[in-house]
There are 2 protein chains.
Amino acid sequence: MKIYIYDTTLRDGTQAEEVNLSTWDKIRIAKKLDEFGVDYIEGGWPSSNPTDEQFFYEIKNYQLKNSKIVAFGSTHNPRLSPEKDDLFLKTSRVGTDVITIFGKTWDLQVREALETSLENNLKIIKNSIAYLRPKVKELIFDAEHFFDGFKENKEYALACIEAAKEAGADVIVLCDTNGGTLTHEIFEIVSFVKEKMGDIPLGIHCHNDSELAVANSIAAVRAGVVHVQGTINGYGERCGNANLCSIIPNLELKLGYKCIPEGNLSKLTEVARFVAEVANLSPFKRQPYVGSAAFTHKGGVHVSAVLKNPRCYEHIPPEKVGNRQRVVLSDLAGKSNILFKAKEYGISLDKDDPVVSELLYTIKELEAEGYEFSVADASFELLLNRALGRVKRFYTFLSFRVMDTKRSIDKEPITEATVMIEVGGKIEHTAATGKGPVNALDNALRKGLEKFYPNLKEMKLMDFKVRVLTPRSEENGGTASRVRVLIESRDNHSQWTTLGVSHNIIEASWQALVDSIDYKLFKDDIKRQRHEK
Amino acid sequence: MKIYIYDTTLRDGTQAEEVNLSTWDKIRIAKKLDEFGVDYIEGGWPSSNPTDEQFFYEIKNYQLKNSKIVAFGSTHNPRLSPEKDDLFLKTSRVGTDVITIFGKTWDLQVREALETSLENNLKIIKNSIAYLRPKVKELIFDAEHFFDGFKENKEYALACIEAAKEAGADVIVLCDTNGGTLTHEIFEIVSFVKEKMGDIPLGIHCHNDSELAVANSIAAVRAGVVHVQGTINGYGERCGNANLCSIIPNLELKLGYKCIPEGNLSKLTEVARFVAEVANLSPFKRQPYVGSAAFTHKGGVHVSAVLKNPRCYEHIPPEKVGNRQRVVLSDLAGKSNILFKAKEYGISLDKDDPVVSELLYTIKELEAEGYEFSVADASFELLLNRALGRVKRFYTFLSFRVMDTKRSIDKEPITEATVMIEVGGKIEHTAATGKGPVNALDNALRKGLEKFYPNLKEMKLMDFKVRVLTPRSEENGGTASRVRVLIESRDNHSQWTTLGVSHNIIEASWQALVDSIDYKLFKDDIKRQRHEK
């Protein structure tokens with residue numbers, strides 16, 4: 001059976017504290033959602049801000065394959081008639097085939113937020129729907145606060161959605177706007193409404209304030225709704241909206257419903273990470289299905305069982321949602337984890353090889369200092385290959401100096417770095433400026449090396465992340481904290497991450513930078529050797 | 001009705017990819033959990049690592065008020081008898097009054113992970129429980145993978161828990177180890193088991209792989225379990241365990257159960273943040289009930305409604321769980337949000353005051369550059385008071401220079417900073433070293449100022465955070481990214497956060513540092529003026 005997926009990342013999702021999207025960000029996300037195959041993309045509330053309005057004009061330049069674009073709006077102003085209410089009219093002026101209008105269904109809200117009579121609100125709902133009906137192909141009514149309303153004044157909440165139905169709404173969406181309703185209540189109330197309302201299609205819109213939004217959406221589907229609203233990664237106001245990244249695989253893989261086009265579920269992890277990246281938010285590691293830790297095994301017992309049969313500790317095969325199994329090296333890890341990791345890089349090690357014990361010791365020492373190799377595969381691969389004597393010394397470090405000078409309160413400091421290295425008996429002493437000290441060091445080091453290793457020109461630094469490690473304490477806290485720096489780099493073939501740790505952010509960045517360059521040189525060297533054979 | 005809360009943060013919680021706790025960390029968390037009032041604290045698995053074992057000896061030095069300490073272990077090794085199995089015996093040797101033993105109940109696991117016969121596994125469960133029975137006051141049996149087992153071989157799963165009951169277990173805990181079971185399945189299976197097993201108390205242990213762990217735990221309680229296992233903040237392997245920080249308020253505030261001592265629910269937010277801090281993890285903003293965004297309002301419509309009546313967009317009063325309402329200044333915000341914020345600082349502004357429009361303009365400009373005042377209250381308070389002409393100029397900046405020199409690959413760089421300022425017509429030129437460039441600048445600036453403002457000696461920098469802002473792009477990415485720096489400071493009276501933004505991390509840190517010092521001087525100055533009046 002088909003369940004219609006209604007994505008509101010671009011509207012309700014942007015109500016999240018940290019989510020701010022430009023028109024272009026919204027276009028990129030909409031294209032991705034269309035490719036993934038959701039049925040509806042709610043683009044925004046045209047009358048609330050210019051970014052939202054512009055989106056509707058821009059998106060017309062793109063041919064969407066799977067999704068319909070929806071404009072959002074509210075019922076008309078109690079003090080104006082629909083045709084005189086400019087803000088209300090804006091929603092129909094952006095020219096979408098589908099419109100969603102929300103209206104109040106909780107008596108408390110009608111009196112205290114809308115400041116009108118219960119009777120007048122019924123009229124407002126009716127007039128708003130009736131006015132828009134001829135202007136669009138599909139008209140959806142979001143019954144705001146429906147569950148709170150139902151619990152406090154059942155007859156009135158029902159009268160509101162009855163009014164919307166009579167006036168011509170195609171779908172009635174029951175909203176748990178405050179996210180406070182429990183799962184069994186959702187099931188009971190939706191079942192009751194379903195019975196009462198006949199065959200008009202019902203929808204559900206949940207929030208996660210009680211950490212129940214996914215369960216509540218599924219309970220609603222089991223009670224008969226056919227339209228589910230939510231956002232990618234559960235972004236949204238307060239604790240967020242119902243998370244489509246969990247609802248869709250739960251419905252498809254565990255209950256046999258169809259939500260998105262055949263074969264597209266394996267794009268789920270990519271979609272989740274893409275949206276996080278555009279919104280400039282770190283992905284949530286522990287996120288079900290799509291998080292980087294969702295199929296990660298750390299404890300020794302679990303690791304060995306999962307290698308025998310993944311079903312032992314994985315509820316679904318990770319590939320179904322485009323994710324993958326990972327094994328984490330940690331204090332809890334033993335030799336078997338190192339062998340497993342080495343194998344990933346095509347290196348077969350024997351458990352009794354002394355190199356393995358040495359590596360285990362080194363890793364434990366470094367992890368105690370704050371290095372975390374699970375997030376920096378390239379640094380780990382270098383560590384492994386250095387222990388095996390496989391990494392050439394491409395150059396010798398002699399010294400660096402980096403200096404920031406600020407001479408006016410209104411101007412950024414000027415940064416200058418010098419680097420001295422030796423390559424093949426020749427001393428290279430270079431200098432460069434940069435946007436900040438790490439960028440200047442990066443520029444100076446490359447200046448010295450590119451002469452000898454022109455392949456470094458293909459390499460770009462893509463991302464730079466800093467995490468403060470020391471827990472709060474008076475002695476070592478504040479600006480003397482220990483930091484971990486991650487640098488993500490790429491060339492034309494691949495992408496890799498390296499790390500450094502120190503009390504001094506310059507030193508930590510330098511370590512990550514040097515590893516990144518070494519990794520590029522090492523990889524190309526291996527490739528060249530293979531080629532020569 | 002009482003529900004027993006069983007916390008496994010110290011055992012299953014440490015299976016999370018990023019959670020590593022020392023013995024002392026565990027002691028601190030255990031004391032906090034006891035004060036909060038959970039019934040059981042599972043301290044660890046003594047035979048899995050020395051940290052876990054040591055915890056049990058250390059914790060005996062503390063008198064706990066509310067909680068019983070539990071040692072965790074598995075059934076005995078299939079190839080040894082209980083009294084010869086040293087790893088099995090370790091659990092009973094650490095001397096707790098309560099022991100929890102887990103055993104296999106899924107036929108697949110028995111065959112493939114335990115590698116023994118179904119019949120032999122029943123014997124192992126019986127012997128393990130019978131052996132431990134006389135050694136402890138309370139014996140809990142965790143039925144690992146019970147729901148997966150029940151779905152594939154119902155009779156066998158039931159035979160396993162029957163065996164544990166007959167051998168003398170006090171509580172049978174049904175575990176959804178892989179986190180793949182849906183809420184209605186949990187309800188049906190628990191109801192069935194409850195019927196079948198008579199009056200032995202049942203418990204539930206859920207994982208969050210389908211984003212249903214909270215809903216599933218509540219469904220189990222509604223089906224008759226009286227014992228709920230979970231962790232603070234839902235930490236745990238893969239997607240985490242059932243989150244006690246949502247389960248407890250859902251059960252107490254919405255279903256009328258008693259979980260923790262009367263009056264203690266308002267400590268919930270503090271407990272959640274304390275555990276995050278000890279585990280050195282950033283709290284999850286959107287976390288239900290306890291997250292900093294859980295009662296945060298951003299959209300203009302919501303802000304004005306919630307000021308009229310909080311019930312409009314809050315499912316519970318935030319104080320009940322020790323959290324609070326917040327209003328966020330953002331692109332979506334209008335003048336009313338600024339007035340609201342100013343009022344928090346005791347400043348009454350008129351909507352039509354030109355200062356308000358100016359502030360709105362400045363804030364929008366700065367936010368577009370990456371400043372985020374919602375996370376740096378002190379920088380916002382300074383901005384506000386500067387606009388109102390209330391902040392004195394305490395000194396004039398002339399210049400700084402900071403230099404990092406590294407002369408050997410094995411040694412950290414040496415850092416030196418010089419700062420030139422003018423105070424009351426006098427030029428101060430100071431120099432200092434430090435752990436990294438920001439620390440050196442901090443030291444040099446204080447050296448110059450403390451002579452004139454000795455109250456700066458009371459002030460400590462507590463935390464330093466860096467976030468890279470620029471989204472990935474070849475032109476501006478990598479080491480040239482724009483960064484936001486947050487500095488948290490405190491004196492004997494209060495704590496405050498300031499921020500800076502720049503492509504250059506030195507400049508961004510400098511801005512945050514200068515704001516932090518200015519804030520301290522401004523606050524003390526206001527206090528002095530009040531005193532003189």
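Each chain gets a letter, A, B and so on, in the order the sequences are listed, and its residues count up from 1.
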Between [options], which shows the greatest number of heavy-atom pairs under 4.5 Å with chain B?
options                                : value
A/Tyr235, A/Trp510, A/Phe295           : A/Tyr235
A/Ile409, A/Asn250, A/Val485, A/Thr418 : A/Asn250
A/Ser292, A/Pro413, A/Ala113           : A/Pro413
A/Val214, A/Asn216, A/Ile247, A/Val402 : A/Val402
A/Pro249, A/Ala16, A/Gly291            : A/Ala16

Inset, instruction - Take B/Glu112 and A/Asn309 through the side chain to side chain donor-acceptor pair (under 3.5 Å) test and state the conclusion after the steps. - result: CA-CA 7 Å; B/Glu112 303 203 10; A/Asn309 183 346; 2.8 Å; yes

Less than 4.5 Å to any heavy atom of chain B: does that hold for the side chain of [X], its backbone, both, or neither?
X        : answer
A/Ser509 : neither
A/Thr415 : side chain
A/Leu398 : backbone
A/Tyr289 : both

Is any side-chain heavy atom of [X] closer than 4.5 Å to a side-chain heavy atom of [Y]?
X        : Y        : value
B/Arg222 : A/Thr183 : no
B/Ile506 : A/Pro437 : yes
B/Thr405 : A/Ser399 : no
A/Leu441 : B/Asp404 : no
A/Lys406 : B/Phe397 : yes
B/Val466 : A/Val483 : no

Report the distance from atom [atom1] of [X] to atom [atom2] of [Y], rounding to the nearest 0.5 Å.
X        : Y        : atom1 : atom2 : result
A/Ser246 : B/Leu212 : OG    : CG    : 7.5 Å
A/Arg407 : B/Met420 : CZ    : CE    : 7.5 Å
B/Leu182 : A/Ile218 : CG    : CD1   : 6.0 Å
B/Arg238 : A/Tyr313 : CZ    : OH    : 9.0 Å
B/Lys254 : A/Thr181 : NZ    : OG1   : 7.0 Å
A/Ser217 : B/Glu211 : OG    : CD    : 9.5 Å

Inset, instruction - Answer yes or no: are there more than 12 heavy-atom neighbours, outside B/Ile414 itself, under 6.0 Å from its atom CD1? - result: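 Counting other residues, nucleotides and ligands, CD1 of B/Ile414 stays at 12 neighbours or fewer.
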
For a quick test of reading the model, state the closest non-hydrogen atom pair linking [X] to [Y] and the distance between them.
X        : Y        : answer
A/Gly179 : B/His315 : O-ND1, 4.2 Å
B/Glu412 : A/Asn504 : OE1-CB, 4.1 Å
A/Arg286 : B/Gly236 : CD-O, 4.2 Å
B/Cys239 : A/Gln287 : SG-O, 4.0 Å
A/Asp209 : B/Ala294 : OD2-O, 3.9 Å
B/Pro288 : A/Asn208 : CG-O, 3.2 Å

Option in [options] with maximal non-hydrogen atom pairs under 4.5 Å from chain A:
options                                : result
B/Ile316, B/Asn243, B/Asp148           : B/Asn243
B/Ala215, B/Ser210, B/Gly240           : B/Ser210
B/Ser408, B/Cys245, B/Gly434           : B/Ser408
B/Glu314, B/Met403, B/Gln511, B/Glu416 : B/Met403
B/Thr177, B/Asn178, B/Thr396, B/Thr296 : B/Asn178

Legend entry - Lys/Arg-Asp/Glu bridge criterion (N-O < 4.0 Å) met for A/Glu115, B/Lys308: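 Looking at B/Lys308 together with A/Glu115, the answer is yes, because their closest N to O distance falls below 4.0 Å.
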
Legend entry - SB check A/Arg311 B/Glu152 (cutoff 4.0 Å):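 Result for this pair is yes, salt bridge flagged.
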
Legend entry - chain A contact via B/Val19 - side chain, backbone, both or neither, heavy atoms under 4.5 Å: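 Backbone only.
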
Legend entry - Contacts of type ring-ring contact (aromatic ring centres under 6.0 Å, His included), residue A/Phe284, not counting sequence neighbours: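 Listed in chain order: B/Phe284.
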
Inset, instruction - Return yes if some donor-acceptor pair links the side-chain N/O of A/His145 with the main-chain N/O of B/Cys312 below 3.5 Å, else return no. - result: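 Yes; judged by distance alone, with no hydrogens or angles, the pair exists.
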
